[in-house]
Amino acid sequence: VAILDLVAAALLEALGPEWRLREIPSLRWRAAVVPGAELHVRLEPPEGEGRVRFTVEEAGRLVSSGTLVAARLGA
Amino acid sequence: MALPYDVRELIPHTGAARVVEEVLERSGDGIVCAGRIPARHALVRANRAPAFVALELAAQAAGVLLALSSLERGSKPPVGYLVSARDVKLERAEIEADVPLVASVRSVGGAGALALYEVSVAAAGEVGLTGTIGVFRADGPQESTGGGR
C-alpha cells in the first residue's frame, strides 16, 4: 500500500490539489520492495478525465502497475 | 461483540503496521473484523490517512480469514501477500486516524495459490471503500479453489 501512496502522490501532483483518488480499476503488486529502495513512478498520459495508467520500477524491474482514476474534490 | 480470536497470533503484522484489531463475525466464506489506522501509522499525516489505506485493513482481515480457515483444516496458516486490487471504489478522500473501522471480507474463489476476496470497509456504518483484492498464499495449495470472477 506504501507503493500506492507514492503513485497517488505523483498523480495528484500532476493533476493539481483539487483532485483526489476515486477509483482503482486495476492494480498489481508484482514484487516485494524493501524499505529505502529507490522507486521510479511513470504515469502515462491521461486516457480520459482523471484516468491514468502507471508503472513503478526499481532498477529496471517492474514492481507494480495498474490504472487509477482521480476525480475533482466534491465530484 | 468480538469473537475470541487473537489476531496477533494469526497475521505477522506488528506495531503500527497492524491495523486489524479483532474478529466480529466469522462465516464459512467470510469474516468481519474491526480495526483502525493508528495515528502513528506511516501513511498518516495531520491525523488523516488517504482512504486507500483501508485496503490494508481489508488485506489484513483477509489474512485473518486465511489463517483461521487453515487452522480449522488442521494446517499451518500460510503467509499471504496482497498482490492485486480490482474495481476499488473510494467514497472519500481520507479517513481519520484512530477512528473505528469495520472490514467485511468474503472469499470469491481464486486459482492455485491466488485467493480472491470481495471487500468493503466502513466507518460509523458508512461504506468508504469497496472492491476485490487478490492474496497470494506463499505456501498455499496448487489446485483451483474455484468460483473466481
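In what follows, every chain begins at residue 1, and chains take the letters A, B, ... in the order their sequences are listed.
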>> The criterion is side-chain contact (heavy atoms from CB on, under 4.5 Å); which residues satisfy it with B:A49, sequence neighbours excluded?
In response: B:I37, B:V44, B:V53, B:I95
> For B:L24, what are the other residues in its hydrophobic cluster, where any two members join if their side-chain heavy atoms are less than 4.5 angstrom apart?
Replying inline: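 Answer for B:L24: B:V32, B:V102.
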> If you group Ile, Leu, Val, Met, Phe, Trp and Tyr whenever their side-chain heavy atoms sit less than 4.5 Å apart, what else falls in with B:V99?
Replying inline: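 B:V99 shares its hydrophobic cluster with no other residue.
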> Can you tell which of B:I133, B:L129, B:V88 has the highest number of heavy-atom pairs within less than 4.5 Å of chain A?
Replying inline: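 If we count pairs closer than 4.5 Å to chain A, B:V88 comes out on top.
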> When only pairs under 4.5 Å are counted, which of B:A93, B:A51, B:G134 shares the most heavy-atom pairs with chain A?
Replying inline: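 Most heavy-atom pairs within the cutoff with chain A belong to B:A93.
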Interface of chain A and chain B, donor-acceptor atom pairs under 3.5 Å:
{"residue": "A:D5", "atom": "OD1", "partner": "B:R45", "partner atom": "NH2", "Å": "3.4"}
{"residue": "A:D5", "atom": "OD2", "partner": "B:R45", "partner atom": "NH2", "Å": "2.5"}
{"residue": "A:R20", "atom": "NH1", "partner": "B:L90", "partner atom": "O", "Å": "3.1"}
{"residue": "A:R20", "atom": "NH1", "partner": "B:R92", "partner atom": "O", "Å": "3.4"}
{"residue": "A:R20", "atom": "NH2", "partner": "B:L90", "partner atom": "O", "Å": "3.3"}
{"residue": "A:R22", "atom": "O", "partner": "B:L90", "partner atom": "N", "Å": "2.8"}
{"residue": "A:I24", "atom": "N", "partner": "B:V88", "partner atom": "O", "Å": "2.8"}
{"residue": "A:I24", "atom": "O", "partner": "B:D87", "partner atom": "N", "Å": "3.2"}
{"residue": "A:I24", "atom": "O", "partner": "B:V88", "partner atom": "N", "Å": "3.0"}
{"residue": "A:P25", "atom": "O", "partner": "B:D87", "partner atom": "N", "Å": "3.1"}
{"residue": "A:L27", "atom": "N", "partner": "B:A85", "partner atom": "O", "Å": "2.9"}
{"residue": "A:L27", "atom": "O", "partner": "B:A85", "partner atom": "N", "Å": "2.9"}
{"residue": "A:W29", "atom": "N", "partner": "B:V83", "partner atom": "O", "Å": "2.8"}

Are [X] and [Y] grouped together when hydrophobic residues (ILVMFWY) are joined by side-chain heavy atoms under 4.5 angstrom apart?
{"X": "A:V69", "Y": "A:V7", "result": "no"}
{"X": "B:L116", "Y": "B:L55", "result": "no"}
{"X": "B:V79", "Y": "A:V1", "result": "no"}
{"X": "B:L3", "Y": "B:L66", "result": "yes"}
{"X": "B:V64", "Y": "B:V83", "result": "no"}

>> Which atoms of B:L82 are under 4.5 Å from chain A, going by heavy atoms: the side chain, the backbone, both sets, or neither?
In response: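 Interface part for B:L82: both.
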> To the nearest 0.5 Å, what is the distance between CG (A:L68) and CG (B:L90)?
Replying inline: 9.5 Å
> Looking at A:A2 and B:L43, what are the two nearest heavy atoms and their distance?
Replying inline: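 That closest heavy-atom pairing would be CA-CD1, 4.3 Å.
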>> What part of A:A8 gets within 4.5 angstrom of chain B, counting heavy atoms only: side chain, backbone, both, or neither?
In response: side chain
